[in-house]
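Report on the following structure.
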Amino acid sequence: MAPSKPRVRFAPSPTGYLHIGGARTALFNYLYAKRYGGTFILRMEDTDQERSTPESVQAILDGLDWLGLDWDEGPGKEDPKYGPYFQTQRLDTYRRHAELLISQGKAFRCYCTREEITQRREAVEKAKGPGSYKYEGTCHDLKAPPPGKKLEDAVIRFRMPSGEGTVSFNDKVLGTITKPYSDLDDWVMMRADGIPLYNYGCVIDDHLMDITLVSRGQEHINSTFPQLMLYQALGWTPPDFAHLPLILGPDREKLSKRKHPEADVMLHKRTGIMPEALLNFVIRLGWSHGNDEVISREQMVEWFDFDGVGSTSGVWNPEKLQWLNQQWFKLLPPAVVAERLVPFLEARGFQAKGDARLEPLVLALRERSRTLEEMANTASIYFKSGVTLDEKAAAKHLGGDSLNLLRQAREKLAALPAWTVEPLDGVVKTVSEAAQVGMGKVAQPIRVAITGNTTSPGIGETLLLVGREEALKRIDAALARGT
RNA sequence: GUCCCCGUCGUCUAGAGGCCCAGGACGCUGGCCUUUCAAGCCGGUAACACGGGUUCGAAUCCCGUCGGGGACACCA
(Lines give C-alpha, C1' and ligand atoms only; values in the text may rest on other atoms or scores of the structure.)
Protein backbone atom coordinates (compact mmCIF):
# COMPACT_ATOMS: atom_id res chain seq x y z
CA MET A 1 0.00 0.00 0.00
CA ALA A 2 2.73 2.43 0.93
CA PRO A 3 4.85 3.98 -1.77
CA SER A 4 7.59 1.55 -2.55
CA LYS A 5 10.34 3.95 -1.58
CA PRO A 6 8.97 6.62 0.71
CA ARG A 7 11.06 9.70 1.35
CA VAL A 8 10.19 11.26 4.67
CA ARG A 9 11.82 13.94 6.74
CA PHE A 10 12.19 15.37 10.19
CA ALA A 11 12.55 19.14 9.97
CA PRO A 12 13.28 20.70 13.35
CA SER A 13 14.17 24.30 13.86
CA PRO A 14 17.38 24.48 15.85
CA THR A 15 16.18 26.83 18.54
CA GLY A 16 16.89 24.75 21.62
CA TYR A 17 17.24 21.17 22.72
CA LEU A 18 15.56 18.26 21.00
CA HIS A 19 12.19 17.95 22.60
CA ILE A 20 10.04 14.92 23.16
CA GLY A 21 7.46 15.84 20.57
CA GLY A 22 10.18 16.28 17.99
CA ALA A 23 11.78 13.02 18.99
CA ARG A 24 8.52 11.20 18.47
CA THR A 25 7.95 12.86 15.11
CA ALA A 26 11.46 11.81 14.15
CA LEU A 27 10.79 8.28 15.38
CA PHE A 28 7.61 7.84 13.38
CA ASN A 29 9.23 9.15 10.24
CA TYR A 30 12.30 7.03 10.82
CA LEU A 31 10.24 3.89 11.37
CA TYR A 32 8.14 4.49 8.32
CA ALA A 33 11.24 4.91 6.18
CA LYS A 34 12.85 1.79 7.63
CA ARG A 35 9.74 -0.29 7.36
CA TYR A 36 9.30 0.43 3.68
CA GLY A 37 12.92 0.67 2.69
CA GLY A 38 12.69 4.40 2.16
CA THR A 39 14.82 7.39 3.04
CA PHE A 40 14.79 9.37 6.27
CA ILE A 41 15.91 12.94 5.79
CA LEU A 42 16.96 15.45 8.40
CA ARG A 43 16.46 19.06 7.42
CA MET A 44 17.34 22.02 9.60
CA GLU A 45 14.78 24.78 9.37
CA ASP A 46 17.15 27.41 10.66
CA THR A 47 15.51 30.46 9.15
CA ASP A 48 14.66 32.08 12.44
CA GLN A 49 17.74 34.24 12.65
CA GLU A 50 17.15 35.33 16.21
CA ARG A 51 16.61 31.95 17.74
CA SER A 52 18.60 29.49 15.65
CA THR A 53 22.02 28.61 17.02
CA PRO A 54 24.79 26.20 16.11
CA GLU A 55 24.55 24.84 19.65
CA SER A 56 20.95 23.90 19.02
CA VAL A 57 21.89 22.16 15.82
CA GLN A 58 24.39 20.14 17.78
CA ALA A 59 21.89 19.47 20.54
CA ILE A 60 19.42 18.04 18.05
CA LEU A 61 22.10 15.94 16.40
CA ASP A 62 23.20 14.66 19.81
CA GLY A 63 19.65 13.87 20.83
CA LEU A 64 18.93 11.90 17.68
CA ASP A 65 22.24 10.16 18.04
CA TRP A 66 21.48 9.12 21.62
CA LEU A 67 18.11 7.78 20.51
CA GLY A 68 19.74 5.96 17.64
CA LEU A 69 17.61 7.67 15.02
CA ASP A 70 20.07 7.86 12.20
CA TRP A 71 19.24 9.82 9.09
CA ASP A 72 20.05 8.85 5.52
CA GLU A 73 20.34 12.37 4.19
CA GLY A 74 20.96 15.56 6.09
CA PRO A 75 23.74 17.36 7.91
CA GLY A 76 26.92 15.39 7.40
CA LYS A 77 25.19 13.17 4.87
CA GLU A 78 24.59 15.46 1.96
CA ASP A 79 23.24 14.11 -1.27
CA PRO A 80 24.52 15.94 -4.34
CA LYS A 81 21.12 15.77 -5.98
CA TYR A 82 19.36 17.61 -3.21
CA GLY A 83 21.86 20.19 -2.03
CA PRO A 84 22.33 21.49 1.48
CA TYR A 85 19.95 20.49 4.25
CA PHE A 86 20.08 23.80 6.08
CA GLN A 87 17.45 26.21 4.85
CA THR A 88 19.71 29.22 5.27
CA GLN A 89 21.93 27.65 2.61
CA ARG A 90 19.07 27.38 0.16
CA LEU A 91 18.10 31.03 -0.09
CA ASP A 92 18.71 31.26 -3.87
CA THR A 93 16.21 28.53 -4.44
CA TYR A 94 13.50 30.27 -2.47
CA ARG A 95 14.18 33.56 -4.22
CA ARG A 96 14.00 31.94 -7.64
CA HIS A 97 10.67 30.30 -7.00
CA ALA A 98 9.28 33.47 -5.48
CA GLU A 99 10.21 35.47 -8.58
CA LEU A 100 8.54 32.88 -10.71
CA LEU A 101 5.35 33.11 -8.72
CA ILE A 102 5.39 36.89 -8.90
CA SER A 103 5.84 36.81 -12.65
CA GLN A 104 2.84 34.55 -12.89
CA GLY A 105 0.78 36.79 -10.66
CA LYS A 106 0.50 34.12 -8.00
CA ALA A 107 2.44 36.15 -5.51
CA PHE A 108 3.03 39.85 -5.09
CA ARG A 109 5.26 42.31 -3.33
CA CYS A 110 3.75 43.95 -0.30
CA TYR A 111 5.10 47.19 1.05
CA CYS A 112 3.02 47.43 4.17
CA THR A 113 5.28 47.67 7.16
CA ARG A 114 5.17 45.27 10.01
CA GLU A 115 3.93 48.10 12.21
CA GLU A 116 1.08 48.92 9.89
CA ILE A 117 -0.06 45.35 9.76
CA THR A 118 0.14 44.98 13.51
CA GLN A 119 -1.88 48.12 13.95
CA ARG A 120 -4.59 46.98 11.60
CA ARG A 121 -4.69 43.59 13.20
CA GLU A 122 -5.09 45.05 16.63
CA ALA A 123 -7.84 47.32 15.43
CA VAL A 124 -9.74 44.36 14.03
CA GLU A 125 -9.28 42.37 17.18
CA LYS A 126 -10.41 45.25 19.33
CA ALA A 127 -13.54 45.65 17.27
CA LYS A 128 -14.50 42.17 18.43
CA GLY A 129 -16.17 41.40 15.18
CA PRO A 130 -16.52 37.83 14.02
CA GLY A 131 -13.52 36.15 12.41
CA SER A 132 -9.87 36.96 12.71
CA TYR A 133 -7.69 39.48 10.96
CA LYS A 134 -7.09 39.03 7.27
CA TYR A 135 -4.76 40.98 5.05
CA GLU A 136 -6.84 43.62 3.26
CA GLY A 137 -5.12 43.35 -0.08
CA THR A 138 -3.53 46.78 0.17
CA CYS A 139 -0.65 46.03 -2.17
CA HIS A 140 -2.51 43.47 -4.19
CA ASP A 141 -2.33 45.27 -7.50
CA LEU A 142 0.72 47.46 -7.16
CA LYS A 143 2.92 47.44 -10.25
CA ALA A 144 5.76 49.38 -8.68
CA PRO A 145 6.84 50.50 -5.24
CA PRO A 146 4.59 53.22 -3.85
CA PRO A 147 6.17 56.61 -3.22
CA GLY A 148 8.89 56.50 -0.61
CA LYS A 149 9.29 52.72 -0.79
CA LYS A 150 11.91 50.64 -2.48
CA LEU A 151 11.65 47.25 -4.14
CA GLU A 152 13.94 45.82 -1.49
CA ASP A 153 11.52 46.83 1.25
CA ALA A 154 8.85 44.47 0.06
CA VAL A 155 7.88 41.16 1.55
CA ILE A 156 6.45 38.63 -0.82
CA ARG A 157 2.92 37.52 -0.24
CA PHE A 158 1.06 34.61 -1.69
CA ARG A 159 -2.00 35.65 -3.66
CA MET A 160 -5.03 33.66 -2.62
CA PRO A 161 -7.22 32.82 -5.60
CA SER A 162 -10.31 34.95 -5.66
CA GLY A 163 -13.78 33.49 -5.55
CA GLU A 164 -15.32 30.51 -3.89
CA GLY A 165 -13.36 27.36 -3.34
CA THR A 166 -12.11 24.90 -0.79
CA VAL A 167 -8.83 23.18 -0.11
CA SER A 168 -8.78 19.75 1.37
CA PHE A 169 -6.49 16.84 1.91
CA ASN A 170 -6.75 13.32 3.13
CA ASP A 171 -4.71 13.02 6.28
CA LYS A 172 -3.35 9.55 6.95
CA VAL A 173 -4.36 9.71 10.57
CA LEU A 174 -7.25 12.14 10.68
CA GLY A 175 -9.02 11.55 7.41
CA THR A 176 -10.28 14.28 5.15
CA ILE A 177 -10.00 17.85 6.33
CA THR A 178 -11.39 20.75 4.36
CA LYS A 179 -11.17 24.48 4.57
CA PRO A 180 -12.85 27.18 2.49
CA TYR A 181 -10.71 29.78 0.70
CA SER A 182 -12.51 32.39 2.75
CA ASP A 183 -10.65 31.22 5.84
CA LEU A 184 -7.32 31.87 4.19
CA ASP A 185 -5.61 35.10 3.25
CA ASP A 186 -2.57 36.46 1.44
CA TRP A 187 0.14 35.14 3.70
CA VAL A 188 3.74 36.22 3.74
CA MET A 189 6.05 33.80 1.99
CA MET A 190 9.29 35.65 2.22
CA ARG A 191 10.61 38.55 4.20
CA ALA A 192 12.25 41.58 2.63
CA ASP A 193 15.67 40.19 3.53
CA GLY A 194 15.02 37.07 1.48
CA ILE A 195 14.45 34.75 4.41
CA PRO A 196 11.56 32.38 3.69
CA LEU A 197 8.86 31.80 6.24
CA TYR A 198 7.92 28.33 7.41
CA ASN A 199 4.99 27.71 5.09
CA TYR A 200 7.04 28.73 2.10
CA GLY A 201 10.41 27.16 2.70
CA CYS A 202 8.79 23.98 3.86
CA VAL A 203 6.85 23.47 0.64
CA ILE A 204 9.74 24.34 -1.64
CA ASP A 205 12.04 21.95 0.17
CA ASP A 206 9.60 19.13 0.58
CA HIS A 207 8.94 19.17 -3.12
CA LEU A 208 12.52 19.62 -4.21
CA MET A 209 13.66 16.89 -1.87
CA ASP A 210 11.04 14.55 -3.32
CA ILE A 211 9.32 14.07 0.01
CA THR A 212 6.43 11.63 -0.42
CA LEU A 213 4.91 11.93 3.04
CA VAL A 214 5.00 14.73 5.56
CA SER A 215 4.44 13.60 9.12
CA ARG A 216 4.45 16.23 11.79
CA GLY A 217 2.55 17.29 14.90
CA GLN A 218 -1.13 18.18 14.83
CA GLU A 219 -0.29 21.78 15.62
CA HIS A 220 0.58 22.06 11.95
CA ILE A 221 -2.78 21.04 10.58
CA ASN A 222 -3.87 24.56 9.85
CA SER A 223 -0.66 25.45 8.12
CA THR A 224 -1.27 22.61 5.71
CA PHE A 225 -3.92 24.63 3.91
CA PRO A 226 -1.78 27.59 2.80
CA GLN A 227 0.89 25.08 1.92
CA LEU A 228 -1.55 23.19 -0.26
CA MET A 229 -2.45 26.42 -2.03
CA LEU A 230 1.22 26.88 -2.81
CA TYR A 231 1.57 23.41 -4.26
CA GLN A 232 -1.40 24.21 -6.44
CA ALA A 233 0.04 27.54 -7.58
CA LEU A 234 3.33 25.90 -8.42
CA GLY A 235 1.62 23.09 -10.25
CA TRP A 236 3.19 20.54 -7.93
CA THR A 237 1.60 17.41 -6.54
CA PRO A 238 1.54 17.66 -2.76
CA PRO A 239 2.91 14.82 -0.65
CA ASP A 240 0.75 12.77 1.67
CA PHE A 241 0.25 14.14 5.15
CA ALA A 242 0.04 12.46 8.53
CA HIS A 243 -0.58 14.69 11.51
CA LEU A 244 0.44 13.17 14.79
CA PRO A 245 -1.54 13.60 18.00
CA LEU A 246 0.00 15.94 20.53
CA ILE A 247 1.83 14.96 23.68
CA LEU A 248 0.37 16.73 26.71
CA GLY A 249 2.05 17.68 29.95
CA PRO A 250 0.68 16.86 33.39
CA ASP A 251 -1.44 20.01 33.13
CA ARG A 252 -2.90 18.59 29.93
CA GLU A 253 -1.47 21.29 27.77
CA LYS A 254 0.84 20.73 24.86
CA LEU A 255 4.23 19.61 26.07
CA SER A 256 6.42 22.65 25.65
CA LYS A 257 9.95 23.65 26.42
CA ARG A 258 8.75 26.59 28.39
CA LYS A 259 6.45 24.89 30.84
CA HIS A 260 7.54 21.29 30.92
CA PRO A 261 11.06 20.28 31.89
CA GLU A 262 10.33 16.70 30.84
CA ALA A 263 10.07 17.91 27.26
CA ASP A 264 13.86 17.79 27.06
CA VAL A 265 15.00 14.48 25.66
CA MET A 266 18.42 14.76 27.24
CA LEU A 267 16.95 15.39 30.67
CA HIS A 268 15.87 11.80 30.59
CA LYS A 269 19.32 10.67 29.62
CA ARG A 270 20.65 12.53 32.62
CA THR A 271 18.15 10.98 35.01
CA GLY A 272 19.02 7.51 33.83
CA ILE A 273 16.29 6.63 31.40
CA MET A 274 17.57 4.51 28.54
CA PRO A 275 16.79 5.31 24.90
CA GLU A 276 15.03 1.98 24.44
CA ALA A 277 12.61 2.92 27.20
CA LEU A 278 12.06 6.48 26.08
CA LEU A 279 11.34 5.42 22.52
CA ASN A 280 9.12 2.62 23.77
CA PHE A 281 7.17 5.02 25.93
CA VAL A 282 6.87 7.68 23.31
CA ILE A 283 5.71 5.35 20.55
CA ARG A 284 2.90 4.08 22.75
CA LEU A 285 1.65 7.62 23.11
CA GLY A 286 -0.55 7.71 20.07
CA TRP A 287 0.34 4.43 18.45
CA SER A 288 -0.49 0.91 19.37
CA HIS A 289 -0.13 -2.61 18.11
CA GLY A 290 -2.79 -4.66 19.84
CA ASN A 291 -1.92 -5.11 23.49
CA ASP A 292 1.83 -4.97 23.06
CA GLU A 293 3.59 -2.78 25.59
CA VAL A 294 7.27 -3.59 25.63
CA ILE A 295 8.40 -3.18 22.07
CA SER A 296 11.87 -3.47 20.62
CA ARG A 297 13.33 -1.39 17.85
CA GLU A 298 13.06 -4.33 15.49
CA GLN A 299 9.39 -4.82 16.30
CA MET A 300 8.73 -1.14 15.85
CA VAL A 301 10.20 -1.25 12.39
CA GLU A 302 8.28 -4.39 11.60
CA TRP A 303 4.94 -3.13 12.90
CA PHE A 304 4.84 0.61 12.46
CA ASP A 305 2.47 2.29 10.09
CA PHE A 306 0.28 5.34 10.23
CA ASP A 307 -2.91 3.30 10.37
CA GLY A 308 -1.91 2.35 13.91
CA VAL A 309 -1.63 5.98 14.91
CA GLY A 310 -4.53 7.27 16.96
CA SER A 311 -5.98 10.72 16.83
CA THR A 312 -6.20 11.61 20.48
CA SER A 313 -3.51 13.45 22.39
CA GLY A 314 -1.69 11.59 25.13
CA VAL A 315 -0.63 12.70 28.59
CA TRP A 316 2.95 12.29 29.74
CA ASN A 317 3.12 9.48 32.30
CA PRO A 318 6.43 9.32 34.18
CA GLU A 319 5.50 6.16 36.11
CA LYS A 320 5.00 4.20 32.96
CA LEU A 321 8.24 5.54 31.51
CA GLN A 322 10.10 4.30 34.57
CA TRP A 323 8.37 0.97 34.49
CA LEU A 324 9.41 0.57 30.87
CA ASN A 325 12.93 1.55 31.77
CA GLN A 326 13.04 -1.27 34.29
CA GLN A 327 11.63 -3.68 31.74
CA TRP A 328 14.52 -2.74 29.50
CA PHE A 329 17.00 -3.21 32.33
CA LYS A 330 15.87 -6.79 32.38
CA LEU A 331 15.80 -7.23 28.62
CA LEU A 332 19.16 -5.75 27.73
CA PRO A 333 22.35 -7.76 28.30
CA PRO A 334 23.78 -6.92 31.76
CA ALA A 335 27.02 -5.84 30.13
CA VAL A 336 25.19 -3.15 28.18
CA VAL A 337 23.39 -1.84 31.23
CA ALA A 338 26.66 -1.95 33.16
CA GLU A 339 28.37 0.16 30.55
CA ARG A 340 25.62 2.74 30.78
CA LEU A 341 25.75 2.71 34.54
CA VAL A 342 29.43 3.57 34.70
CA PRO A 343 29.07 7.33 34.03
CA PHE A 344 26.51 7.56 36.81
CA LEU A 345 28.86 5.82 39.20
CA GLU A 346 31.74 8.02 38.15
CA ALA A 347 29.60 11.08 38.69
CA ARG A 348 29.39 9.94 42.29
CA GLY A 349 33.11 9.72 42.54
CA PHE A 350 33.59 5.98 42.14
CA GLN A 351 36.18 4.36 39.91
CA ALA A 352 33.75 1.92 38.40
CA LYS A 353 35.14 1.38 34.95
CA GLY A 354 36.54 -2.10 34.55
CA ASP A 355 35.31 -3.23 37.96
CA ALA A 356 34.52 -6.93 37.79
CA ARG A 357 31.51 -6.46 40.03
CA LEU A 358 29.68 -4.33 37.48
CA GLU A 359 27.71 -7.11 35.84
CA PRO A 360 26.74 -8.93 39.03
CA LEU A 361 25.79 -5.55 40.36
CA VAL A 362 23.43 -4.93 37.46
CA LEU A 363 22.00 -8.40 37.86
CA ALA A 364 21.34 -7.72 41.53
CA LEU A 365 19.98 -4.22 41.15
CA ARG A 366 18.03 -4.23 37.92
CA GLU A 367 14.98 -5.66 39.64
CA ARG A 368 15.17 -3.01 42.29
CA SER A 369 15.82 0.08 40.20
CA ARG A 370 13.82 2.01 37.71
CA THR A 371 16.50 4.38 36.52
CA LEU A 372 20.28 4.29 36.17
CA GLU A 373 20.40 7.12 38.63
CA GLU A 374 18.56 5.08 41.21
CA MET A 375 20.74 2.09 40.48
CA ALA A 376 23.88 4.14 40.94
CA ASN A 377 22.57 5.51 44.21
CA THR A 378 21.90 2.13 45.73
CA ALA A 379 25.16 0.84 44.28
CA SER A 380 27.20 3.38 46.14
CA ILE A 381 27.42 1.29 49.31
CA TYR A 382 29.38 -1.30 47.34
CA PHE A 383 31.99 1.18 46.26
CA LYS A 384 32.47 3.17 49.41
CA SER A 385 34.80 2.11 52.14
CA GLY A 386 32.99 1.47 55.38
CA VAL A 387 29.31 2.08 55.95
CA THR A 388 27.08 4.28 58.05
CA LEU A 389 24.58 2.33 60.06
CA ASP A 390 20.99 3.40 60.10
CA GLU A 391 20.14 3.96 63.77
CA LYS A 392 16.80 2.23 63.75
CA ALA A 393 18.11 -0.72 61.78
CA ALA A 394 21.06 -1.12 64.10
CA ALA A 395 18.87 -0.89 67.18
CA LYS A 396 16.65 -3.60 65.86
CA HIS A 397 19.15 -6.04 64.40
CA LEU A 398 22.45 -5.45 66.12
CA GLY A 399 21.70 -6.11 69.74
CA GLY A 400 22.14 -9.01 72.20
CA ASP A 401 21.40 -12.38 70.58
CA SER A 402 21.73 -10.99 67.11
CA LEU A 403 25.28 -10.06 67.84
CA ASN A 404 26.06 -13.63 68.84
CA LEU A 405 24.60 -14.94 65.63
CA LEU A 406 26.52 -12.33 63.70
CA ARG A 407 29.73 -13.37 65.41
CA GLN A 408 29.13 -17.00 64.49
CA ALA A 409 28.36 -16.07 60.93
CA ARG A 410 31.48 -13.95 60.77
CA GLU A 411 33.67 -16.91 61.72
CA LYS A 412 32.12 -19.19 59.13
CA LEU A 413 32.33 -16.49 56.50
CA ALA A 414 35.98 -15.87 57.20
CA ALA A 415 36.68 -19.58 56.91
CA LEU A 416 35.04 -19.92 53.51
CA PRO A 417 37.44 -21.10 50.80
CA ALA A 418 35.51 -19.36 48.04
CA TRP A 419 33.62 -16.08 48.25
CA THR A 420 30.74 -16.92 45.95
CA VAL A 421 26.98 -16.72 46.30
CA GLU A 422 26.05 -20.31 47.18
CA PRO A 423 28.49 -20.90 50.03
CA LEU A 424 27.81 -17.39 51.25
CA ASP A 425 24.09 -18.08 51.46
CA GLY A 426 24.99 -21.46 52.94
CA VAL A 427 26.49 -19.77 55.96
CA VAL A 428 23.17 -18.14 56.81
CA LYS A 429 21.52 -21.51 56.58
CA THR A 430 24.03 -23.38 58.72
CA VAL A 431 24.17 -20.75 61.40
CA SER A 432 20.42 -20.42 61.64
CA GLU A 433 19.89 -24.16 61.72
CA ALA A 434 22.52 -24.62 64.40
CA ALA A 435 20.94 -21.89 66.49
CA GLN A 436 17.46 -23.14 65.72
CA VAL A 437 16.24 -19.76 64.54
CA GLY A 438 14.75 -18.53 61.29
CA MET A 439 17.15 -17.48 58.57
CA GLY A 440 16.04 -13.92 58.95
CA LYS A 441 17.55 -13.82 62.41
CA VAL A 442 20.93 -14.40 60.88
CA ALA A 443 20.54 -12.62 57.57
CA GLN A 444 19.26 -9.32 58.88
CA PRO A 445 22.14 -8.60 61.24
CA ILE A 446 24.58 -9.37 58.45
CA ARG A 447 22.63 -7.18 56.10
CA VAL A 448 22.56 -4.26 58.48
CA ALA A 449 26.25 -4.71 59.27
CA ILE A 450 27.38 -4.68 55.65
CA THR A 451 24.88 -2.28 54.08
CA GLY A 452 23.87 -0.16 57.06
CA ASN A 453 20.26 -0.84 56.24
CA THR A 454 17.54 -3.45 56.32
CA THR A 455 17.05 -3.81 52.61
CA SER A 456 19.38 -5.16 49.97
CA PRO A 457 19.59 -7.95 47.43
CA GLY A 458 19.99 -11.53 48.70
CA ILE A 459 22.59 -11.88 51.42
CA GLY A 460 24.92 -13.99 49.29
CA GLU A 461 24.77 -11.51 46.45
CA THR A 462 25.27 -8.61 48.78
CA LEU A 463 28.29 -10.16 50.47
CA LEU A 464 29.74 -10.90 47.08
CA LEU A 465 29.25 -7.34 45.91
CA VAL A 466 30.71 -5.79 49.02
CA GLY A 467 33.71 -8.10 48.70
CA ARG A 468 35.38 -10.37 51.24
CA GLU A 469 37.75 -7.96 52.83
CA GLU A 470 35.33 -5.06 53.07
CA ALA A 471 32.48 -7.27 54.28
CA LEU A 472 34.49 -8.74 57.13
CA LYS A 473 35.71 -5.30 58.01
CA ARG A 474 32.16 -3.96 58.18
CA ILE A 475 30.98 -6.91 60.25
CA ASP A 476 33.85 -6.39 62.66
CA ALA A 477 32.94 -2.73 62.95
CA ALA A 478 29.35 -3.66 63.76
CA LEU A 479 30.50 -6.21 66.28
CA ALA A 480 32.85 -3.76 67.92
CA ARG A 481 30.12 -1.19 68.09
CA GLY A 482 27.77 -3.58 69.83
CA THR A 483 30.15 -4.50 72.64
C1' G B 1 -13.52 35.67 19.07
C1' U B 2 -12.77 32.63 14.34
C1' C B 3 -11.25 28.06 12.30
C1' C B 4 -9.45 22.98 12.98
C1' C B 5 -8.91 18.42 15.69
C1' C B 6 -10.35 15.25 19.58
C1' G B 7 -13.72 12.75 23.58
C1' U B 8 -13.33 4.19 26.27
C1' C B 9 -10.88 3.03 33.59
C1' G B 10 -6.80 8.51 37.22
C1' U B 11 -3.14 7.72 32.75
C1' C B 12 -1.68 5.05 27.89
C1' U B 13 -4.78 2.10 25.08
C1' A B 14 -7.66 -2.70 22.57
C1' G B 15 -12.19 -2.26 20.22
C1' A B 16 -13.34 -1.03 12.82
C1' G B 17 -22.56 -3.14 14.55
C1' G B 18 -23.55 -8.63 17.69
C1' C B 19 -17.17 -12.09 20.12
C1' C B 20 -17.95 -6.34 25.13
C1' C B 21 -23.06 -5.96 31.51
C1' A B 22 -15.95 -3.69 27.45
C1' G B 23 -9.85 -6.55 27.12
C1' G B 24 -4.47 -5.23 28.16
C1' A B 25 -0.74 -1.98 30.51
C1' C B 26 0.95 1.84 34.19
C1' G B 27 -0.67 3.44 38.97
C1' C B 28 -3.21 2.10 43.41
C1' U B 29 -4.55 -2.27 46.15
C1' G B 30 -5.33 -7.72 48.58
C1' G B 31 -2.69 -12.39 48.61
C1' C B 32 1.19 -15.97 47.44
C1' C B 33 6.45 -16.59 47.36
C1' U B 34 10.34 -15.10 50.87
C1' U B 35 16.44 -14.05 55.05
C1' U B 36 14.98 -7.98 53.89
C1' C B 37 13.61 -4.97 49.66
C1' A B 38 12.37 -5.85 45.05
C1' A B 39 11.11 -8.95 41.02
C1' G B 40 7.63 -12.73 39.79
C1' C B 41 2.79 -15.09 40.12
C1' C B 42 -2.61 -14.92 41.38
C1' G B 43 -6.73 -11.49 42.49
C1' G B 44 -9.18 -6.52 43.18
C1' U B 45 -10.30 -1.24 41.95
C1' A B 46 -11.87 1.75 37.92
C1' A B 47 -14.18 3.80 31.75
C1' C B 48 -17.63 3.66 26.56
C1' A B 49 -18.92 12.54 28.24
C1' C B 50 -24.34 13.56 27.68
C1' G B 51 -28.97 13.63 24.72
C1' G B 52 -31.39 12.24 20.47
C1' G B 53 -31.69 9.20 16.25
C1' U B 54 -30.47 4.76 12.51
C1' U B 55 -30.73 -0.66 13.49
C1' C B 56 -33.55 -6.79 15.56
C1' G B 57 -28.91 -5.08 17.94
C1' A B 58 -24.18 0.68 18.97
C1' A B 59 -18.42 1.93 22.58
C1' U B 60 -18.59 1.22 17.34
C1' C B 61 -22.87 4.85 12.17
C1' C B 62 -25.57 10.02 11.99
C1' C B 63 -27.08 14.72 14.43
C1' G B 64 -26.92 17.97 18.53
C1' U B 65 -25.01 19.50 23.33
C1' C B 66 -21.19 19.81 26.58
C1' G B 67 -16.07 19.22 27.55
C1' G B 68 -10.76 19.26 26.22
C1' G B 69 -6.82 20.63 23.04
C1' G B 70 -4.58 23.10 18.87
C1' A B 71 -3.96 27.06 15.19
C1' C B 72 -4.85 32.00 14.14
C1' A B 73 3.07 36.31 13.23
C1' C B 74 7.59 39.45 8.38
C1' C B 75 8.11 31.90 14.81
C1' A B 76 8.40 27.21 13.28
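Residue numbers begin at 1 in each chain, while the letters A, B, ... track the order of the sequences. All of these numbers come straight from a predicted model, not from anything done at the bench.
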Legend entry - Interatomic distance, A:Leu324 CG vs B:rG27 P [rounded to whole Å]: 10 Å
Legend entry - A:Met375 CE - B:rC37 C1' separation (whole Å): 15 Å
Legend entry - C1' gap between B:rC41 and B:rC6, integer Å: 39 Å
Legend entry - Plane angle bin for A:His207 and A:Tyr231 - parallel if under 30°, tilted between 30 and 60°, otherwise perpendicular: perpendicular
Inset, instruction - Between A:Lys254 and A:Val315, name the one whose nearest nucleotide on RNA chain B is closer to the 5' end. - result: A:Val315
Inset, instruction - Just say parallel, tilted or perpendicular for the rings of A:Trp287 and A:His289, cut-offs at 30° and 60°. - result: parallel
Legend entry - Distance, C1' atom - from B:rA16 to B:rG23, rounded to whole angstrom: 16 Å
Legend entry - Aromatic A:Tyr111 / basic A:Arg109 pairing, under 6.0 angstrom, 45° off normal: no
Inset, instruction - Rounded to whole angstrom, note down the C1' distance from B:rC28 over to B:rC20. - result: 25 Å
Legend entry - Integer-rounded Å distance: B:rC12 P and A:Phe281 CZ: 9 Å
Legend entry - Residue-phosphate contact under 4.0 Å: A:Lys179 side-chain N/O, B:rA71 OP1/OP2: no
Legend entry - A:Lys429 atom NZ: more than 12 heavy-atom contacts under 6.0 Å: no
Inset, instruction - Check whether any side-chain N or O of A:Lys126 sits under 4.0 Å from OP1 or OP2 of B:rG1, and answer yes or no. - result: no
Legend entry - Closest nucleotide among B:rA76, B:rC4, B:rA38 to the A:Arg51 side chain: B:rA76
Legend entry - Parallel, tilted or perpendicular, as decided by the 30° and 60° cut-offs, for the rings of A:Phe158 and A:Trp187: parallel
Close N/O contacts between protein and nucleotides 13-22 of chain B (under 3.5 Å):
from   : atom 1 : to       : atom 2 : distance (Å)
B:rU13 : OP1    : A:Gly286 : N      : 2.6
B:rU13 : O3'    : A:Ser288 : OG     : 3.2
B:rA14 : OP1    : A:Ser288 : OG     : 2.7

Inset, instruction - Verify the contact: side-chain N or O of A:Arg216 to OP1 or OP2 of B:rA76, cut-off strictly under 4.0 Å; return yes or no. - result: no
Inset, instruction - Please report, rounded to the nearest Å, how far the C1' atom of B:rC12 is from the CG atom of A:Leu255. - result: 15 Å
Inset, instruction - Using distance alone, with no hydrogens and no angle criterion, decide if A:Arg447 and A:Gln444 have a side-chain donor and acceptor under 3.5 Å apart. - result: yes
Inset, instruction - Compare side-chain N and O positions of A:Arg252 against OP1 and OP2 of B:rC6 and report whether any pair is under 4.0 Å apart. - result: no
Legend entry - Protein-nucleotide distance (A:Leu406, atom CG; B:rU35, atom P), rounded to Å: 19 Å
Inset, instruction - For B:rG44 and B:rC4, measure between their P atoms and round to the nearest Å. - result: 46 Å
Legend entry - A:Trp323 CH2 to B:rA39 P, straight-line distance once rounded to whole Å: 12 Å
Inset, instruction - Could you tell me the separation between the CD atom of A:Gln322 and the P atom of B:rA39, rounded to a whole number of Å? - result: 13 Å
Inset, instruction - Please check if any side-chain donor atom of A:Arg120 sits under 3.5 Å from a side-chain acceptor atom of A:Thr138, or the reverse. - result: yes
Legend entry - Rounded P spacing from B:rC62 to B:rA76 in Å: 38 Å
Legend entry - Face-on cation placement of A:Arg157 at A:Tyr135 ring, 6.0 Å and 45° thresholds: yes
Inset, instruction - Give a yes/no on whether any side-chain N or O of A:Arg121 is located under 4.0 angstrom from OP1 or OP2 of B:rC74. - result: yes
Inset, instruction - Name the residue closer to the 5' end of RNA chain B, choosing between A:Gln444 and A:Gln326 according to the nucleotide with the nearest heavy atom. - result: A:Gln444
